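What you see is a predicted model; the values in this text were computed from it and never measured. So you know, we letter chains A, B, ... as the sequences are listed, proteins then strands, and number each from 1.
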4 protein chains.
Amino acid sequence: MRDRNVIVERMPGPPTASGRTELVERKGIGHPDSIADGIAEAVSRALSRRYMEECGGEILHHNVDQNEVSGGQSVVWFGGGEVLEPPYILLLGRAVDEAVFRDGHRVRLPVRQVAVRAAREYLKENFHDPALVRDTGFDVSSDTIIDCRTGKGSQDLLRNYQRDAGLSGPHPSRPANDTSFGLGFAPLTPTERLVREIGHYMEGGMRTRDGITAAGKDIKVMAARDGDRITLTVACAMIASRVSSAAEYRVLMEQMVGLLEQEAAGLTEHEVEVVINHADVGGSDNVTDHYVTVTGLSMENGDDGSVGRGNRVNGLITPYRPMSLEAAAGKNPVSHVGKLYNVLANRIACRISTEAGTDISEVRVRLLSQIGSPIERPAMASVELCAADDAAYERWKGRAAELTALELEDIGGLTQQIVYGHIAVF
Amino acid sequence: MRDRNVIVERMPGPPTASGRTELVERKGIGHPDSIADGIAEAVSRALSRRYMEECGGEILHHNVDQNEVSGGQSVVWFGGGEVLEPPYILLLGRAVDEAVFRDGHRVRLPVRQVAVRAAREYLKENFHDPALVRDTGFDVSSDTIIDCRTGKGSQDLLRNYQRDAGLSGPHPSRPANDTSFGLGFAPLTPTERLVREIGHYMEGGMRTRDGITAAGKDIKVMAARDGDRITLTVACAMIASRVSSAAEYRVLMEQMVGLLEQEAAGLTEHEVEVVINHADVGGSDNVTDHYVTVTGLSMENGDDGSVGRGNRVNGLITPYRPMSLEAAAGKNPVSHVGKLYNVLANRIACRISTEAGTDISEVRVRLLSQIGSPIERPAMASVELCAADDAAYERWKGRAAELTALELEDIGGLTQQIVYGHIAVF
Amino acid sequence: MRDRNVIVERMPGPPTASGRTELVERKGIGHPDSIADGIAEAVSRALSRRYMEECGGEILHHNVDQNEVSGGQSVVWFGGGEVLEPPYILLLGRAVDEAVFRDGHRVRLPVRQVAVRAAREYLKENFHDPALVRDTGFDVSSDTIIDCRTGKGSQDLLRNYQRDAGLSGPHPSRPANDTSFGLGFAPLTPTERLVREIGHYMEGGMRTRDGITAAGKDIKVMAARDGDRITLTVACAMIASRVSSAAEYRVLMEQMVGLLEQEAAGLTEHEVEVVINHADVGGSDNVTDHYVTVTGLSMENGDDGSVGRGNRVNGLITPYRPMSLEAAAGKNPVSHVGKLYNVLANRIACRISTEAGTDISEVRVRLLSQIGSPIERPAMASVELCAADDAAYERWKGRAAELTALELEDIGGLTQQIVYGHIAVF
Amino acid sequence: MRDRNVIVERMPGPPTASGRTELVERKGIGHPDSIADGIAEAVSRALSRRYMEECGGEILHHNVDQNEVSGGQSVVWFGGGEVLEPPYILLLGRAVDEAVFRDGHRVRLPVRQVAVRAAREYLKENFHDPALVRDTGFDVSSDTIIDCRTGKGSQDLLRNYQRDAGLSGPHPSRPANDTSFGLGFAPLTPTERLVREIGHYMEGGMRTRDGITAAGKDIKVMAARDGDRITLTVACAMIASRVSSAAEYRVLMEQMVGLLEQEAAGLTEHEVEVVINHADVGGSDNVTDHYVTVTGLSMENGDDGSVGRGNRVNGLITPYRPMSLEAAAGKNPVSHVGKLYNVLANRIACRISTEAGTDISEVRVRLLSQIGSPIERPAMASVELCAADDAAYERWKGRAAELTALELEDIGGLTQQIVYGHIAVF
């Protein structure tokens with residue numbers, strides 16, 4: 001366990017939830033930054049599967065965490081709208097496109113074809129709505145321009161990636177590709193849980209169960225808590241063809257406030273005030289005074305997105321918590337600590353928190369890699385426990401270190417789970 | 001002051017510097033993410049100046065925080081090298097390209113021309129090295145491909161931006177363009193100061209004064225503190241044409257370790273161990289086993305960069321501190337809270353910290369906007385003071401609120417300072 | 001008729017068919033240059049229809065004759081293959097994207113969306129083959145990258161286009177957009193007819209009726225006639241998944257030679273020798289020694305195409321005849337003489353030739369415009385008649401002038417026929 | 001000589017100059033199509049020189065005849081103007097970027113870097129005007145966006161290119177890369193000479209010697225001859241910052257008409273009428289009613305250009321003559337018959353014409369290749385002589401065949417002359 005470099009200590013200060021104020025944000029799946037993340041991760045997963053098929057189960061080096069979503073142009077009116085200029089998505093990053101086997105034979109890999117195909121399929125799975133295509137003539141999955149300038153990786157990193165770290169174990173060990181770190185914490189505060197659940201509800205039940213079919217998927221939820229009062233500010237792109245007038249829009253906003261307040265009441269004991277589409281101009285009949293779109297996605301009209309600027313791997317943006325700036329989406333799931341350490345730090349924190357229950361009110365984990373060293377041997381694995389009292393701390397200190405070491409040992413197991421989409425990274 | 005929504009409270013827990021562990025990172029000016037940031041900000045400044053000239057001092061809406069730096073390809077050998085494929089930089093984002101005046105006349109604005117020109121000049125000012133151009137045949141400022149697909153902004157935001165907030169004051173008030181937040185803290189911990197100063201030294205004095213001219217500008221400094229010991233892991237792209245052999249490279253590494261340890265000793269009382277280019281393969285004579293480049297910039301060979309994924313506005317990445325995920329660089333300096341609130345939160349924290357001295361060992365400021373409300377009236381301005389004792393807290397509580405309100409009132413003054421480059425944002 | 005500036009004269013020299021030698025070429029629909037032409041014309045037609053819908057039957061200015069088809073990369077083996085990198089098609093040119101009506105209201109037109117959609121549909125209609133998609137995993141219509149940088153036209157030309165020419169008639173008159181010319185001739189020589197018919201046969205009956213389903217659509221036919229002997233050199237991209245071995249390939253080549261010789265025998269009395277895929281290496285079993293592709297289109301692997309570099313408006317390339325260099329495809333069908341005059345000159349020649357029968361063995365027509373003058377009033381309309389004798393010339397001289405004037409008067413009628421695809425332009 | 005397949009015959013009909021009508025066109029160096037050609041050729045020459053340096057004098061396969069010039073946007077007023085959006089140039093085509101030597105070692109070649117650099121230098125050499133940069137703030141050589149998506153060539157062609165044709169001689173023999181043809185003729189008619197010389201005069205003496213510094217380099221000259229009368233229609237982009245008013249513009253037009261008529265008088269005995277900028281609106285003071293630009297290049301404002309759509313290799317477009325449609329510029333000067341055969345056919349025609357003097361009033365040469373056969377052995381070399389009488393024909397028939405065979409034998413000598421820019425190709 002020593003070579004895992006685990007350091008357990010008491011977390012300074014009280015748990016986050018007990019602070020007077022808190023800010024939490026979540027960008028929904030249709031936010032341009034999330035679309036960039038989603039495509040990056042879809043491309044990485046597709047490449048990984050292809051590499052495994054062609055190279056005896058091996059995932060070759062790639063790092064496709066550099067997409068750009070550049071907004072199009074649209075015009076809307078109540079009852080309809082049109083996309084004038086399709087959004088433009090540029091796939092960038094690196095991926096090995098030739099494998100040289102020990103016997104010297106070479107296999108070319110269709111990196112750009114796989115990337116473009118995966119991106120298009122991601123859009124289709126998540127945003128294709130046949131009724132909307134029929135109503136508006138725009139199909140976000142096939143009409144969006146997807147260009148690709150993905151290149152080959154740096155020779156140096158490739159070599160490093162391929163160098164054998166000389167360790168044995170259930171999963172072959174990989175040297176870290178960078179000096180970087182990952183962060184995680186558990187459990188979520190009530191405000192964080194609220195934001196996450198409200199986000200899920202708006203993407204799912206609100207539309208399907210509660211009939212708000214005019215709500216698009218570009219949703220941003222932000223909670224500001226001051227003591228016991230939470231202001232939930234929600235931005236939700238409405239679909240023009242499903243809102244016939246400003247009056248209907250206003251009715252919808254009221255309905256949605258009601259539904260969200262009801263949903264919130266079931267999720268938290270805090271007092272929650274809901275504000276939707278705050279930039280709207282009240283009382284106006286002008287369509288441009290409301291948040292109305294053709295597709296339910298603001299990327300149709302000038303909103304851009306980049307990988308790594310949206311949610312962290314736990315699905316939230318939490319400025320009252322330490323956060324990593326690494327873009328996890330699109331990084332290779334074998335050696336990239338910017339991805340693996342963030343996922344793992346969250347798992348460790350959750351596992352400790354779940355096991356310790358009320359003894360430990362908050363766990364923070366930080367993992368630091370050193371480029372070239374095996375990823376299961378971090379330069380530092382720092383665990384902070386916010387313990388109820390000294391006894392609780394002493395009870396859990398050793399176990400926390402143990403769990404951390406166990407999870408590090410099993411880090412190779414994350415790869416498959418990521419490749420098959422069982423672990424979300426944004 | 002009430003409408004500033006300032007909340008002052010005691011910071012939970014001890015100051016960051018007193019924790020057992022700490023991680024701090026800084027990406028130097030030549031890191032691909034920093035290049036993306038630098039270009040985004042240079043473009044925003046150039047556009048702002050142009051808007052002011054053409055539109056009676058007014059800065060029109062723009063948001064050019066979406067550049068991408070896509071790495072090229074190069075080949076190196078000790079004593080030289082060549083860029084095979086130039087890096088590719090795509091300028092994206094939005095900027096208003098037509099101003100309609102009250103008397104109805106329209107002025108077209110050369111948005112893309114200004115953007116491309118500003119990007120090229122930024123590269124020239126920061127990375128042009130005539131001797132290197134002569135030695136390698138590659139001029140990073142003129143040979144890098146700079147493409148531009150910057151579009152026009154969303155109608156809706158434009159309108160919001162133009163809507164008058166109806167306030168008076170020395171600076172005209174602007175409604176916030178988004179629901180977002182900014183964060184700041186002060187003072188820096190000794191580890192943070194160390195990272196910042198070591199970064200400055202490596203970009204400046206180490207090359208000019210201490211003669212390490214073979215060091216490039218793509219530098220990453222990371223400090224991991226465990227108690228009183230700091231491990232300073234530095235990656236520095238060396239310039240191949242100025243390193244004649246692996247042996248000379250190793251001598252340079254030793255020299256640099258010596259210089260950095262000496263520099264560190266003057267900056268902190270912690271024990272500092274310096275590790276440079278840790279991915280190098282010791283003892284190898286193969287050039288690819290060393291971090292050697294043609295230009296001193298890793299973007300020449302497969303390293304990509306994006307806006308907003310590097311340093312925060314204080315020039316550091318600090319996972320032991322709360323951070324904003326907003327990309328400040330490239331955002332308009334008039335109404336974009338993702339830029340202004342981060343800058344302002346840092347200023348407020350610094351001002352309180354400086355004034356309060358040892359009474360307050362740490363200040364944290366968080367500003368939350370609400371889209372459409374005047375930017376000088378945040379939805380919440382939270383100030384946390386880590387006071388030496390109750391008395392100290394009581395002494396500074398009111399003054400902290402007052403300083404916060406004063407700075408908020410004067411937020412319009414930031415605009416000019418940003419436009420003329422007096423405030424760094426990454 | 002005087003203002004049509006028609007000049008009729010005797011054609012110098014004997015008819016083309018009676019020369020000792022002749023060269024004729026035809027690029028099939030799947031040749032990269034033809035794909036560029038086809039997409040350009042499909043985009044122009046789609047834009048025209050959209051303009052007519054939105055603007056009261058008016059076709060606004062556009063000129064989208066600047067596409068580029070940039071080849072992808074593929075790998076093949078007998079029995080299969082894979083596209084490694086999809087082809088990239090960039091749509092360029094100009095099109096008006098905003099219509100200002102007399103009452104001052106403006107309509108935005110979805111120029112780029114229409115263009116990208118039309119390009120994709122063109123690929124689908126002409127090259128989509130579900131069985132091939134199933135066999136190879138590559139769908140040329142949806143997997144090809146289609147990017148669009150179509151801009152707005154020059155102000156000056158726009159104005160010119162909009163200026164009213166002040167003429168009346170069944171079709172409103174338009175000023176010519178350029179000083180340019182168009183050429184046409186009739187009838188085709190036997191060699192020309194042979195090339196055209198062989199091209200049609202290979203794209204159609206050879207595949208569907210005669211069972212050569214392994215033949216792709218990228219076909220080039222070139223005939224060199226020396227006296228009575230024609231060498232027909234044919235290049236035809238074969239589909240790898242439908243050719244299981246080099247032996248089968250060779251059998252196919254023999255079959256195709258047989259079929260083409262048989263087809264040729266029914267088309268001409270000249271002696272015809274057929275050579276297919278002359279760059280193949282006879283006797284080799286190596287797949288790369290044969291003209292074999294995944295999709296039947298050479299653009300999958302490095303072959304590029306541009307608008308205007310393939311067939312002339314009569315579907316042929318005829319270096320023994322005068323030719324226009326204008327790219328007809330993609331030009332607007334209302335005022336662009338580079339398109340209309342080539343089409344019209346061919347119609348005039350055909351009409352005279354048909355009417356005059358054996359009296360006139362060859363007709364050549366050249367139309368010269370002058371920018372800004374009405375298109376039905378050319379600066380010069382030169383008609384050359386290759387008459388059997390003086391009497392024949394005198395008989396047809398006046399009628400030829402008359403027919404020319406009539407066709408010029410009715411030039412506006414071409415527009416609709418082009419928009420609805422009734423006139424081929426390549 | 002037999003294997004040169006030379007066929008000499010009498011040209012059917014009278015010489016071109018004796019026809020009643022004639023059309024001749026020339027696109028000046030600043031026309032967008034010429035810019036595309038010029039860049040393509042500059043890139044090919046730079047690549048050729050680089051290949052020769054790295055590969056023992058060998059020029060590797062490339063074919064960079066697919067650039068696109070996409071126009072920018074500008075605004076002008078009398079006395080000045082501004083480029084709002086820079087033109088965009090995309091370099092495409094193929095070039096081998098890795099050479100494998102017999103001893104197995106590989107050399108990477110900086111294809112894209114060489115291409116972008118050559119394109120930029122071409123713009124600089126031909127269009128850089130420091131005074132104009134100072135006046136307008138736009139530098140066409142450094143501000144134009146130059147992007148590059150040049151790829152690697154098709155495997156198959158590469159192999160063909162590399163296959164040794166097994167011939168000896170002063171220049172190593174190359175197999176033709178395509179089934180294609182080249183055309184040439186001599187001498188020029190008086191109208192053709194006039195167009196060429198007027199073009200040269202306007203690009204040179206008119207500006208430097210005769211003081212029309214306001215004339216830009218985007219010049220198109222078209223001559224329509226009807227009997228003895230030539231109408232010379234000239235389009236010349238004027239430079240806005242050097243024309244202070246519509247009145248001055250009109251004075252300039254008059255001056256230019258005078259200069260051109262004077263120049264024409266010295267060049268031809270035909271009666272010549274000169275028309276300049278015919279699309280201008282006479283009497284208007286509105287700048288947009290005149291052909292005025294910022295840079296003297298229409299590509300600044302919406303005019304696009306492609307390789308191969310401008311002048312033929314003799315610098316003219318001659319619809320009364322047979323022409324090749326091949327884009328010569330950018331093709332490799334070693335094996336590409338689309339380039340070499342057009343250049344060579346012109347040389348052969350000129351050489352015969354010069355030697356034969358008045359005996360032969362016109363020579364036409366057509367060369368047909370067959371893919372895979374040595375380029376010095378065409379499938380057909382057809383020479384047509386327009387002889388003064390039977391005796392003249394008999395005198396020159398044999399010599400014409402001989403000269404053709406000699407030039408074919410020496411075709412390898414063209415390569416160097418093309419690489420060092422001694423032979424113009426557009």
Side-chain angles (χ1 to χ4, degrees), chain C residues 7 9 12-14 18-21 23 66 68 70-71 73 88 90 92-94 149 151-157 159-160 179 181 183 220 222 224 226 231 233 235 278-279 288 291 298 301-304 306-309 317 319-325 327 366 368 370-372 379-380 382, chain D residues 7 9 12-14 18-21 23 66 68 70-71 73 88 90 92-94 149 151-157 159-160 179 181 183 220 222 224 226 231 233 235 278-279 288 291 298 301-304 306-309 317 319-325 327 366 368 370-372 379-380 382:
Chain C
I7 297 168
E9 55 185 325
S18 70
R20 177 167 162 195
T21 56
L23 287 180
Q66 299 278 343
E68 271 286 336
S70 177
Q73 287 203 337
Y88 167 83
L90 178 59
L92 290 162
R94 312 283 131 192
R149 295 180 83 128
K152 292 177 71 171
S154 137
Q155 293 291 95
D156 213 21
L157 286 177
R159 200 176 39 84
N160 182 38
T179 298
F181 45 78
L183 307 177
K220 191 163 110 171
M222 179 174 288
D226 179 6
T231 306
T233 305
H278 189 264
T288 61
Y291 191 7
S298 68
N301 196 26
D303 270 15
D304 301 331
S306 299
V307 179
R309 277 165 57 172
I317 298 169
Y320 275 61
R321 303 269 206 178
M323 287 186 289
S324 161
L325 295 182
R366 289 175 178 89
L368 172 69
Q370 203 158 32
I371 187 167
M380 184 164 77
S382 147
Chain D
I7 296 168
E9 55 185 326
S18 70
R20 177 167 162 195
T21 57
L23 288 180
Q66 299 278 345
E68 272 286 338
S70 176
Q73 287 203 338
Y88 167 83
L90 178 60
L92 291 161
R94 312 282 132 191
R149 295 180 83 127
K152 293 177 68 170
S154 139
Q155 293 290 95
D156 212 22
L157 286 176
R159 200 176 38 85
N160 181 39
T179 298
F181 45 77
L183 307 177
K220 191 162 109 171
M222 180 175 287
D226 180 6
T231 305
T233 305
H278 189 265
T288 60
Y291 191 7
S298 68
N301 196 26
D303 269 14
D304 301 331
S306 299
V307 179
R309 278 166 56 172
I317 297 169
Y320 275 61
R321 305 268 207 178
M323 288 187 288
S324 161
L325 295 183
R366 289 176 179 89
L368 172 69
Q370 203 156 33
I371 186 167
M380 184 165 78
S382 148

Out of [options], return the one with the most heavy atom pairs under 4.5 angstrom to chain D.
| options | value |
| --- | --- |
| C:Q370, C:M380, C:R321 | C:Q370 |
| C:A235, C:S18, C:S324, C:G13 | C:G13 |
| C:T233, C:I317, C:I7 | C:I7 |

Please classify the contact of [X] with chain C as side chain, backbone, both or neither, using a heavy-atom distance under 4.5 Å.
| X | answer |
| --- | --- |
| D:M222 | side chain |
| D:Q66 | both |
| D:R366 | side chain |

Where do [X] and [Y] come nearest, in terms of heavy atoms and distance?
| X | Y | answer |
| --- | --- | --- |
| C:D304 | D:G93 | OD2-CA, 3.1 Å |
| D:H278 | C:I371 | ND1-O, 2.7 Å |
| D:P322 | C:P319 | CB-O, 2.8 Å |
| C:S70 | D:L92 | OG-CD2, 3.5 Å |
| D:T179 | C:K220 | O-NZ, 3.3 Å |

Exercise. Do D:R94 side-chain atoms and C:G71 backbone N/O form a donor-acceptor pair below 3.5 Å?
Worked result: yes

Problem set entry | C:L183 side, atom CG; D:L23 side, atom CG - distance, nearest 0.5 Å | 7.5 Å

Exercise. Got a second to check how far D:E68's CD is from C:E68's CD, nearest 0.5 Å?
Worked result: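 One finds 4.5 Å between CD of D:E68 and CD of C:E68.
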
